[in-house]
Amino acid sequence: MSENKRNGTQNARDRLKEQRERDKAREKQRRVLIVSAAVVGVLGLAAVVGVIAAGGDKNSGSDKAGPVVAPTAATNEDGKPAIPTGQAGAPSTLAVWEDFRCPACAQFENVMRDAVHELQASGALKVDYHLATLIDGNMGGSGSLRAANAAACAQDAGKFTAYHDTLYVNQPPETDDAYGKNAKLIELAAKVPGLDTPAFRSCVNDGTHDGWVKKSHEAFQNGGFRGTPSVLLNGESIFPTKGNEQISPANLKKWVAEANKGKEPGTASPSGS
């Protein structure tokens, strides 16, 4: 083999090796996606995307877990920390495992929000929100943790639902760790009447509920969930489908009505409002 041909073969191998390394690095940075081709209701969400809880999850946020300070009225049923919303006596429970940096979670929340709020207001449904920090682990940064702590601080102020919704409406691109900055989270609090107080700011800046959020994420990791969002109605997974039916606002209302048949709606005082 001539020297030129040998060098050309070696260069081709080197280029192929470099391309494979680049592809491998890109794939490592990307979170694995599940794409379910589902048209959701009249809003026309063409695809519902869930982020898989991939292996090798890096530590989310600080190495220091700190004390576990649960937000006001938080629950810990079966070791799964949650913020309950809706009327406590509602006959059906929606469990939502989500991450404030997760774009699929924002899609789910922004499409399903009105239906969920309507069901809560009627006493048909209560919702337990379980906060995870999956994106921090997969993409780096601390926005999942910082936003979850801020949401827990909003729960202390009785403003969880409004602030939770505000975070999803204003969610930055997944690669932009804007929620890693407490100043941004406090700025968004101004959109919720009565939330931006010295107590809320102190709670956010001190990371008061960081330890609790990390316990919630540990429960997510240990729960066998495939990714975020994970949504269960009375313990049965309904995202992206329930049986052969795709999730949608209309189907959620139908599923809840079926589950609640013959049961009285909740009348207890709302929690986590």
**Prompt:** Looking at side-chain heavy atoms only, is the closest gap between Glu109 and Gln171 below 4.5 Å?
**Reply:** no
**Item:** Plane angle bin for Phe239 and Phe108 - parallel if under 30°, tilted between 30 and 60°, otherwise perpendicular
**Value:** perpendicular
**Asked** How long is the span from the NZ atom in Lys126 to the CG atom in Leu119, to the nearest 0.5 Å?
**Response** 14.0 Å
**Request:** Return the minimal non-hydrogen interatomic distance between Pro265 and Ser122, and the atom names on each side.
**Result:** CB-O, 3.6 Å
**Item:** Closest contact, heavy atoms only, Ala219 versus Phe225
**Value:** O-CE1, 4.4 Å
**Request:** If the plane angle is over 60° it's perpendicular, under 30° parallel, otherwise tilted; pick one for Tyr163 and Phe200.
**Result:** perpendicular
**Asked** So, Asp128 side chain and Ala82 main chain: donor-acceptor pair closer than 3.5 Å or not?
**Response** no
**Asked** If every non-hydrogen atom of Pro229 is compared with every non-hydrogen atom of Cys105, which pair is closest and at what distance?
**Response** N-SG, 3.6 Å
**Asked** Are Leu131 and Asn149 close enough that some pair of their side-chain heavy atoms sits under 4.5 Å apart?
**Response** no
**Message:** Can you confirm whether Asn251 sits close enough to Lys242 that some side-chain heavy atom of one is under 4.5 Å from a side-chain heavy atom of the other?
**Reply:** no
**Asked** Is Glu258 atom CD crowded by more than 12 heavy atoms from other residues, nucleotides or ligands, each under 6.0 Å away?
**Response** yes
**Prompt:** Is a side-chain N or O of Ser216 found less than 3.5 angstrom from the main chain of His130, in a donor-acceptor match?
**Reply:** no
**Asked** With no hydrogens and no angle check, is any side-chain donor or acceptor of Ser202 less than 3.5 Å from a backbone partner on Ala199?
**Response** no
**Asked** Where is the tightest heavy-atom contact between Leu195 and Ala154, given as atom of each residue plus distance?
**Response** CD1-CA, 3.9 Å
**Asked** Hey, are the side chains of Asn205 and Ile186 touching, using non-hydrogen atoms and a 4.5 Å cut-off?
**Response** yes
**Message:** Can you give me the closest heavy-atom contact between Pro172 and Tyr179, atom names plus distance?
**Reply:** CD-CZ, 3.5 Å
**Item:** Side-chain heavy-atom pair Pro249, Val111 within 4.5 angstrom cut-off
**Value:** yes
**side-chain contact (heavy atoms from CB on, under 4.5 Å) assessment of Arg101 paired with Met139** = CA-CA 10 Å; Arg101 280 184 73 184; Met139 301 289 289; 4.0 Å; yes
**Item:** Trp255 vs Glu245, side chain to side chain donor-acceptor pair (under 3.5 Å): CA-CA, chis, key distance, verdict
**Value:** CA-CA 10 Å; Trp255 298 336; Glu245 296 180 294; 3.1 Å; yes
**Request:** Taking all heavy atoms of Leu252 and all of Leu94, pick out the closest pair and write down the distance.
**Result:** CD1-CD1, 4.4 Å
**Request:** For atom NZ of Lys191, decide whether the heavy atoms of other residues, nucleotides or ligands shown that lie under 6.0 angstrom number more than 12.
**Result:** no
**Complete:** Only one of Thr133, Asn182, Asp177 passes side chain to side chain donor-acceptor pair (under 3.5 Å) with Arg146, and that residue is Asn182
**Prompt:** From Cys153 SG over to Lys159 NZ, what is the distance, rounded to the nearest 0.5 angstrom?
**Reply:** 15.0 Å
**Request:** Taking the side chain as every heavy atom from C-beta outward, state whether Leu233 and Leu125 have any atom pair closer than 4.5 Å.
**Result:** yes
**Asked** How long is the span from the CG atom in Asn234 to the OG atom in Ser92, to the nearest 0.5 Å?
**Response** 4.0 Å
**Item:** Any Ile83 side-chain heavy atom under 4.5 Å of Trp212 side chain
**Value:** yes
**Asp99 side chain vs Ser144 backbone, donor-acceptor pair below 3.5 Å** = no
**Message:** If we count only N and O atoms by modelled type, under 3.5 Å, do the side chains of Asp136 and His217 hold a donor and an acceptor together?
**Reply:** no
**Asked** Is there a donor-acceptor pair under 3.5 Å between the side chain of Asp176 and the backbone N or O of Ala178?
**Response** yes
I'd like a table of donor-acceptor pairs (distance under 3.5 Å, sequence neighbours excluded) in which one partner is a side-chain atom from residues 68-79, with atom names and distances.
| residue | atom | partner | partner atom | Å |
| --- | --- | --- | --- | --- |
| Thr72 | OG1 | Asp156 | OD1 | 3.1 |
| Asn76 | OD1 | Lys80 | N | 3.2 |

**Message:** Restricting to ring-ring contact (aromatic ring centres under 6.0 Å, His included), what partner residues turn up for His164, sequence neighbours left out?
**Reply:** Phe100, Tyr129, Phe160, Tyr168
**Prompt:** Measuring from Met112:CE to Lys253:NZ, what's the distance to the nearest 0.5 Å?
**Reply:** 9.0 Å
